[in-house]
Amino acid sequence: MKSAVETLNPTRVRLTVEVPFEELKPSLDAAYKKINQQVTVKGFRQGKIPARVIDQRFGRGAVLEEAVNDALPKFYTEAVNEGELNVLGQPEVDITELKDGELLAFTAEVDIRPALEIPDYSGIEVEVDAVEVSDEDIDKSVEQLRERFATTAPVERAAQDGDVLTLNLEAKVDGEVLEDGVAEGVSYTVGSGELLDGIDEAVTGVAAGGEATFTSELKGGSAEGKEAEVKVEVTEVKSRELPELDDDFAQLASEFDTLEELRADSRKRLAQMKKYDQATQAQEKVLDELLKLVEVPMPEKLLADEIETRKHNLVNHQLGQMGLDLAKYLEIQGKTEEEFDAETKEQAEKGIKTQFILDELVNKEKLNVSQEELTEHLMRRAQSSGMSPDQFAQAVVEGGQVPMLVGEVARGKALAVVVEAATVKDSNGEVIDLDDEDETAETVDAEAAEAAEAADTDEKPGA
């Protein structure tokens, strides 16, 4: 077999391949065997029909077509390996010559990873938010905890903001009660903004046993989007009572004996959360600066496929689960279809660039992934997917996606290397050393791996 590579542009090549006919013999034998199992000829047992009879009855062309289809992937792969190409996606193959007994020639155009030059990235400098925990932050945290321990008790008065009501609802459109427009025993907190627009104003001031009517646009069901007349009956009013902020509350809501100890712990936890956010912010900003440093030619077909994949996942998975279509989603987001397409393209380009650059860094920095690192990443992915680690691991192995996970971890490590080399300052001008604490460093690695996962373009090199 002879092959040659022609560079069409920085991200696409054309392979020209010539195969001597004798190298097709294994595929020809397989083609005759396959056809033998599929056809019957009077006077011959199935599977024992001579090749010359198959040629006479069904045509040599059918055999050649079967043989070529069987052999092409093997010859294409050999040509790719001979040319040391890092290909992306499926090739566009064109058979240019097929002479029975003499020659098979074909061309294959395919996208390839562009060659990248990674410049010195140690000069990257970014600014992140300072880790500052105010008394107001602590007050808010404690108040949220207090809300969780609120109790309710029935009251004989009109409903007011914050009360928990039990409601019966009936919705009519054009004077007709909807089949799915009746609900009883619905629990609702006044002022929560849930259920229907206008319900808070309708029930405020209504006591148990009272009712009110209001008009609202339905958010779901058979008449979604239509104006409905809604009758609401209040069957019970409960007031929410918050516990006193004292040492007894601290003992009820935590392992601490005093409110002062609880507040001190809240300060510590909030500081840890802000450090986590700071590490995440550093990783995102460093990645953005890294992308600015490297010129990345964009494979057009890969980009088009990635845009289509992102649209498909949004429409058929995310929006489908919420009962929305793209038009309704765009209406809610206040975007035109052109704006949506532009944003999707920008996100797809960023994802592809991120993956290419980080993969190049993995090779440049000679980064490896340990079994422990892969297991930790698998556990995080399993948690975010809602599957058990065993179920997720089984799905990954059966789907042949272990290399994809290894790639995500490796890219995460590559980005962490860049973050460590960069200068990160907080909004007070103080230099932040993300290696100061092991926990913060682990956060950078984990967040970087998640960024690499989000940037995965689902490409399959060598496919």
Quick one: pull up [atom1] in [X] and [atom2] in [Y] and give me the separation to the nearest 0.5 Å.
| X | Y | atom1 | atom2 | value |
| --- | --- | --- | --- | --- |
| Met298 | Glu306 | CE | CD | 10.0 Å |
| Leu314 | Leu319 | CG | CG | 4.0 Å |
| Thr344 | Glu337 | OG1 | CD | 10.0 Å |
| Leu116 | Lys353 | CG | NZ | 11.0 Å |
| Glu65 | Ile95 | CD | CD1 | 8.5 Å |
| Gln401 | Phe392 | CD | CZ | 7.5 Å |

**Asked** Would Gln272 and Lys268 count as a side-chain contact (heavy atoms from CB on, under 4.5 Å) if you check the C-alpha gap in whole Å, the side-chain angles of each, and the deciding distance to 0.1 Å?
**Response** CA-CA 6 Å; Gln272 289 174 338; Lys268 180 181 177 182; 3.9 Å; yes
Report yes or no: does [X] contribute a side-chain atom to a donor-acceptor pair with the main-chain N or O of [Y] at less than 3.5 Å?
| X | Y | answer |
| --- | --- | --- |
| Asn428 | Glu430 | no |
| Lys238 | Val155 | no |
| Arg146 | Leu245 | no |
| Ser254 | Gln251 | no |
| Ser192 | Thr189 | yes |

Determine, for [X] against [Y], whether the closest basic-nitrogen to carboxylate-oxygen distance falls under 4.0 angstrom.
| X | Y | answer |
| --- | --- | --- |
| Arg240 | Glu147 | yes |
| Lys34 | Glu66 | yes |
| Lys274 | Asp129 | no |
| Glu260 | Arg263 | no |
| Arg381 | Glu408 | yes |
| Glu373 | Lys413 | yes |
| Lys425 | Glu127 | no |
| Glu289 | Lys285 | no |
| Arg269 | Asp265 | yes |
| Lys74 | Glu78 | yes |
| Asp288 | Lys292 | no |
| Glu6 | Arg12 | no |

Quick check: closest heavy atoms across [X] and [Y], and the distance to 0.1 Å?
| X | Y | answer |
| --- | --- | --- |
| Leu291 | Ile357 | CD2-CD1, 3.5 Å |
| Pro119 | Val294 | CD-CG2, 3.9 Å |
| Gly185 | Thr166 | CA-CG2, 3.9 Å |
| Lys275 | Val131 | CG-CG2, 3.9 Å |
| Ala159 | Val237 | CA-CG1, 4.1 Å |
| Glu23 | Phe75 | O-CZ, 3.6 Å |

Side chains of [X] and [Y], heavy atoms from C-beta outward: is any pair under 4.5 Å?
| X | Y | result |
| --- | --- | --- |
| Thr16 | Phe106 | no |
| Pro154 | Glu236 | yes |
| Leu167 | Thr235 | no |
| Asp163 | Val203 | no |
| Leu270 | Ser141 | yes |
| Val362 | Leu358 | no |
| Tyr329 | Val315 | no |
| Leu15 | Leu85 | yes |

**Prompt:** Does the pair Lys301 and Asp305 meet the rule for a salt bridge (charged side-chain N to carboxylate O under 4.0 Å, His left out), with working shown?
**Reply:** CA-CA 6 Å; Lys301 187 174 185 305; Asp305 290 345; 3.2 Å; yes
If you measure only the distance, is there a donor-acceptor pair under 3.5 Å linking the side chains of [X] and [Y]?
| X | Y | result |
| --- | --- | --- |
| Thr280 | Asp277 | no |
| Glu227 | Thr215 | no |
| Asn9 | Glu300 | no |
| Glu398 | Gln394 | yes |
| Asp180 | Ser222 | yes |
| Tyr188 | Asp200 | yes |
| Asp120 | Ser122 | yes |

**Prompt:** Stepwise, does the side-chain contact (heavy atoms from CB on, under 4.5 Å) test hold for Val17 with Tyr76?
**Reply:** CA-CA 8 Å; Val17 183; Tyr76 166 72; over 6 Å; no
**Message:** Would Leu218 and Leu178 count as a side-chain contact (heavy atoms from CB on, under 4.5 Å) here? Give the steps.
**Reply:** CA-CA 11 Å; Leu218 297 178; Leu178 299 171; 3.5 Å; yes
**Item:** Candidate pair Arg267 and Asp137, rule salt bridge (charged side-chain N to carboxylate O under 4.0 Å, His left out), full reasoning
**Value:** CA-CA 8 Å; Arg267 182 181 293 276; Asp137 292 332; over 6 Å; no
**Request:** For the pair Ile352 and Leu302, evaluate side-chain contact (heavy atoms from CB on, under 4.5 Å) and give the outcome as yes or no after the intermediate values.
**Result:** CA-CA 9 Å; Ile352 293 170; Leu302 179 64; 4.1 Å; yes
**Message:** Does Met322 have more than 12 heavy atoms from other residues, nucleotides or ligands lying within 6.0 Å of its CE?
**Reply:** yes
